[in-house]
Amino acid sequence: MQVRLNGEMREIPEGLTVSGLLAHLGVKAQRVAVEVNENVVTKDRYETQPIGSGDSVEIVAFVGGG
Amino acid sequence: MADGWSIGKHAFTSRLLVGTGKYPDFPTMQRALAASGAEVVTVAVRRLDLSKKGAESLLEWIPKGMTLLPNTAACFTAEEAVRTARLGRELEMGDLVKLEVIGDRRTLFPDVVGLVEAAKVLVKEGFTVLPYTNDDPVTAKRLEDAGCAAVMPLGAPIGSGLGIRNPYNIRIIMETVKVPVLVDAGVGTASDAAVALELGAVAVLMNTAIAEAKDPVLMAEAMKAAVEAGRKAHLAGRIPMKLHAAASSPMAGLIGS
């Protein structure tokens, strides 16, 4: 299915949770924060929050800034 | 003598806050952060580059024990800033946010209407909000009324190194609000940092002045010393300015008189 991931349309397997998506992408969960459809998903909900077709997902991390 | 300061529930000793952007490399940044003696470092929240697996994390290069201050840099609306602040809190698991709502790409001056709007939302959500704002006392008061824990007027545009262009406004802001006033942005060199503290700002926040100096580590040391000197001068109380001379040596008892 298609989701918008960090602004780009991308094909991912169906039935993933946030945890599953991060594992699929090879991203360490403790280093990032995740938003689904403009709502932050707290880490305690990573295992349960499903990703649906057409969802908009943002995965962010800290970078240098002032 | 302990001369600390605090924002919300956070207490600090160092009056220098530093950024983590624009360094030539992480090892230089790490040494500069340590040399600055700062206890607070700002960080930005950005999309993870999913094509760069195993890229080095900024956090590994920030000395242990430093307090992270996530910013909402480059947000142009209150809504974007609020979303970014929420993501920053999720990353950092703290309550501090350096709130920026930018109104203009060329000058990076704040959109103060959006800033106050975003501040109200974030204060309600339990954030300790440190807004980057114009050197405008009326806006500073609005931000204090919105529940911000401090106000951070600019000395000059971000990254400009022009120094503190309107020290009188900074002074008026300090008269106007009860929350701590930090000078954020505009510092070019050590004397600018000293001026901020001499004026009575509780602290000064800078990034470019250190990160883009020819020798960032040495400049970090200079800034540390300047902030300490400025604070001491503020506490000591400077002499009033006079138009004419006031001799330091006695005028009487001269030979041949």
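Numbers restart at 1 for each chain; the letters A, B, ... are given by sequence-line order, proteins then strands.
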Checklist entry - So which part of E100(B) gets closer than 4.5 Å to some heavy atom of chain A, the side chain, the backbone, both or neither? => result side chain
Item to check | E92(B) side chain near F62(A) side chain, heavy-atom distance below 4.5 Å | outcome: yes
Checklist entry - For E38(A) and E79(B), what are the C-alpha separation, side-chain angles and deciding distance, and is it a side chain to side chain contact (heavy atoms under 4.5 Å, CB included)? => result CA-CA 10 Å; E38(A) 304 195 358; E79(B) 193 202 356; 3.6 Å; yes
Checklist entry - Any sub-3.5 Å donor-acceptor pair from E90(B)'s side-chain atoms to K43(A)'s backbone N or O? => result yes
Item to check | Basic-acidic side-chain contact under 4.0 Å: E60(B), R31(A) | outcome: yes
Item to check | Contact class of L59(B) relative to chain A, heavy atoms under 4.5 angstrom | outcome: side chain
Next on the checklist: So V60(A) and L48(B), do their side chains get closer than 4.5 Å, heavy atoms only?
Outcome noted: no
Next on the checklist: Can you tell me which portion of I62(B) sits under 4.5 Å from chain A's heavy atoms? Options are side chain, backbone, both or neither.
Outcome noted: neither
Checklist entry - Is there a side chain to side chain contact (heavy atoms under 4.5 Å, CB included) between E35(A) and R86(B) once you walk through the steps? => result CA-CA 9 Å; E35(A) 214 186 39; R86(B) 288 172 182 153; over 6 Å; no
Checklist entry - What are the two closest heavy atoms between A44(B) and G64(A), and how far apart are they? => result CB-O, 4.0 Å
Next on the checklist: Using side chain to side chain contact (heavy atoms under 4.5 Å, CB included), reason through R47(B) and I59(A) one step at a time and then give a plain yes or no.
Outcome noted: CA-CA 6 Å; R47(B) 282 174 168 165; I59(A) 302 174; over 6 Å; no
Next on the checklist: Heavy-atom cut-off 4.5 Å, strictly under: side chain, backbone, both or neither for V27(A) against chain B?
Outcome noted: side chain
Checklist entry - Does E11(A) CD have over 12 foreign heavy atoms under 6.0 Å away? => result yes
Checklist entry - chain A: which of V41(B), T84(B), L91(B), L205(B) shares the most heavy-atom pairs with it under 4.5 Å? => result L91(B)
Checklist entry - What part of L87(B) gets closer than 4.5 Å to chain A, counting heavy atoms only: side chain, backbone, both or neither? => result both
Item to check | Main-chain N/O of G66(A) paired with N71(B) side-chain donor or acceptor, under 3.5 Å | outcome: yes
Next on the checklist: Does any backbone or side-chain atom of K98(B) lie under 4.5 Å from a heavy atom of chain A? Answer side chain, backbone, both or neither.
Outcome noted: side chain
Checklist entry - N6(A) and L50(B): side chain to side chain contact (heavy atoms under 4.5 Å, CB included), yes or no, with the steps? => result CA-CA 9 Å; N6(A) 283 0; L50(B) 297 168; 4.1 Å; yes
